[in-house]
Amino acid sequence: MGKGTLEKLDDGKSSEKKDILTIDEVVDRIYKGINFKLLLLFITATGTNTQTAAQVYMTIFAGFIPYTEWTCVSDKCFSLLAESNYSETFYSAKPMCSNQLVAGTDFNWTSQRTSFSVDWGIYCETESKLSVVSSFFFIGAFLGLVSSTAIFDRFGRKNGAIAGNIIAGIATVVATWAPSFEVMLAIRILQGIGMFMNLTGIYCWVVEFSPTHLRGSLSALVLIMWSLGYLVIVLIGYFVTSWKNIFLTTGVLNFALIIPLLFYPISPRFALVRGREDDAKKILKAFSRVCNNEEALDMERVELSYTTKVQNFADQFKDFIKYPTLRKQTLLCFLCWFTVAFLFYGFDFGWGKISSNLYTSYLFAALGKVFSFIITIPAGYLLGRKKSVQFFLVLGVISFLLAMPNLNISENCTLEFAACLVGSIVTSSAYAINYLYTSELAPTSHRGTVMSLSSSCARLGSFSGIYATLLYDVTDRKVPLALFAGMTMTYVVAVSFLADTTGKSIPETPHDVEILAGKGKYQSVERGTKKKRLESV
């Protein structure tokens with residue numbers, strides 16, 4: 001809709017012309033370039049996202065099984081050692097597990113690092129328990145995201161993010177006293193509930209504050225901060241030798257990083273959708289000061305064009321039935337999120353199977369994540385949302401196929417590792433763009449719900465992806481690689497049915513979604529009077 005004006009009479013003596021603007025137009029006018037205050041605002045607001053990655057992957061290091069760090073103490077073990085001619089490779093997983101050696105009876109662990117797997121007897125036949133501990137985080141994430149839809153759309157993205165961070169921080173600190181495998185499962189569920197409430201809430205908050213042409217960059221920033229958390233937990237895992245202290249250090253960081261967010265305002269879009277126009281104007285005025293552009297607009301002379309949308313979850317569900325474009329694109333987003341999360345976490349919990357050095361392989365994977373999120377910025381500008389996702393996914397399919405031949409590039413690097421690293425990078429790039437893509441497709445009134453439910457589908461994919469790594473132990477390595485390639489192609493097909501949102505305004509309601517899709521029976525409200533229609537209470 002174009003610009004308009006509204007005359008407001010003042011005791012019949014004078015009239016004041018007011019600009020009628022959408023929230024996109026106001027934010028775009030306020031923004032005049034990146035400055036230190038603005039950059040600091042977004043970096044500190046997204047700081048807690050580092051903790052999401054840290055808590056996802058911390059069990060890799062807190063629960064590692066030191067298969068190369070043990071020594072014989074029984075006659076049975078010493079006899080097997082002698083049969084191997086005292087081979088240097090004897091102290092590994094295969095001799096231990098195939099001969100059913102028992103910790104404390106046949107051998108003792110010699111690792112200088114503590115691990116809850118060692119403390120609770122998780123190794124060999126019970127090694128799958130480590131995957132269970134890791135995967136339970138995503139059960140919590142699923143529960144948290146489903147339940148947080150009401151929180152995001154009732155109390156705001158920021159408040160939901162803060163609540164989630166506090167839940168996860170408390171659970172992580174409490175984990176230092178976890179006495180058993182079963183208690184750790186409960187803690188992992190609470191971590192998942194909290195951190196994915198936090199991640200999704202922060203993401204919506206940032207996108208809804210973003211100027212139209214900066215959404216791609218700021219979306220990437222959210223995921224770059226996430227990937228830095230991956231790097232942080234690798235370093236914590238390397239330098240902190242006690243698994244309990246790994247949890248304690250991570251939990252303390254949760255509370256430290258949430259402090260800036262306590263002082264930041266709610267999203268102006270959220271305030272508008274809730275019918276709080278005065279609050280939205282105050283927030284936008286404060287945002288203009290951060291942008292060093294207070295003179296851009298006189299908010300007293302601005303009428304905001306918007307539609308209030310106050311609904312409960314049941315009302316929102318009815319909208320998915322009523323509006324066909326909203327329904328179609330939301331279901332396709334569910335499939336995309338499930339698939340990309342399966343690939344994303346299938347790799348992230350599988351590097352130990354692909355490479356022999358735990359810390360080196362995860363360090364490269366973490367750096368790859370940072371790189372993958374950075375390259376989405378130029379890719380998004382050059383190709384747009386849809387084409388960049390498809391480009392990365394096609395590269396992913398090629399990488400997984402190249403990883404199948406058994407070929408050594410050098411003494412310490414195989415073709416499989418190199419190709420899988422490229423595949424991991426490009427699928428991570430697609431994952432990053434998927435966040436922005438979904439948030440732009442979803443209307444503001446339903447964005448919290450759509451993002452939460454989409455991320456819930458991703459948690460199902462994440463949960464499944466972790467167990468996909470177990471295929472390396474029971475079948476030919478080409479099988480999981482073929483699975484990854486096939487699922488990537490599924491993602492390509494799903495994206496082809498979605499509209500490209502590059503450079504387009506964010507829809508505020510389901511009605512706007514249908515208008516943007518060109519559905520003739522949905523008519524736009526003409527500019528010239530303030531668009532303030534209560535659709536459902």
ring-ring contact (aromatic ring centres under 6.0 Å, His included) against Phe371, all qualifying residues, sequence neighbours excluded: none
Those residues that, when tested against Phe142, pass ring-ring contact (aromatic ring centres under 6.0 Å, His included) (two or more places apart): none
Check the side chains of [Y] and [X] for a donor-acceptor pair under 3.5 angstrom, ignoring hydrogens and angles.
X      : Y      : value
Trp337 : Thr438 : yes
Thr48  : Asn165 : no
Lys94  : Thr89  : no
Gln55  : Asn254 : yes

Between Trp70 and Phe90 (judged by ring centroids, cut-off 6.0 Å), do the two rings come close enough to count as a pair?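 Close enough - the centres of the two rings lie under 6.0 Å apart.
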Verify the ring-centre separation between Tyr230 and Tyr57: is it less than 6.0 angstrom? yes
Would you say that Cys97 contacts Tyr67 through its side chain, given a criterion of any heavy-atom pair below 4.5 Å between the two side chains?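 Result yes, sub-4.5 Å side-chain heavy-atom pair found.
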Given Phe391, which of Leu393, Val389, Leu395, Val394 fulfils the side-chain contact (heavy atoms from CB on, under 4.5 Å) condition?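 When Leu393, Val389, Leu395, Val394 are each tested with Phe391, the side-chain contact (heavy atoms from CB on, under 4.5 Å) holds only for Leu395.
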Backbone of Trp109 reached by a side-chain donor or acceptor of Glu69 within 3.5 Å: no
With a 3.5 Å distance limit and no angle check, can you tell me whether Arg157 reaches the backbone of Cys204 through a side-chain donor-acceptor pair? no
To check you understand the geometry: which heavy-atom pair defines the closest contact between Leu498 and Cys336, and what is its length? CD1-SG, 4.4 Å
Taking the six-membered ring of Phe181, is NZ or CZ of Lys129 closer than 6.0 Å to its centre and within 45° of its axis?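 Yes.
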Report yes or no: is the cationic atom of Arg113 (NZ for Lys, CZ for Arg) under 6.0 Å from the centre of the six-membered ring of Tyr238, at an angle within 45° of the ring normal? yes
Contacts of Cys457 that satisfy disulfide (SG to SG under 2.5 Å) - sequence neighbours left out: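 None.
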Only one of Ser115, Ser134, Ser135 passes side chain to side chain donor-acceptor pair (under 3.5 Å) with Thr59; say which it is. Ser134
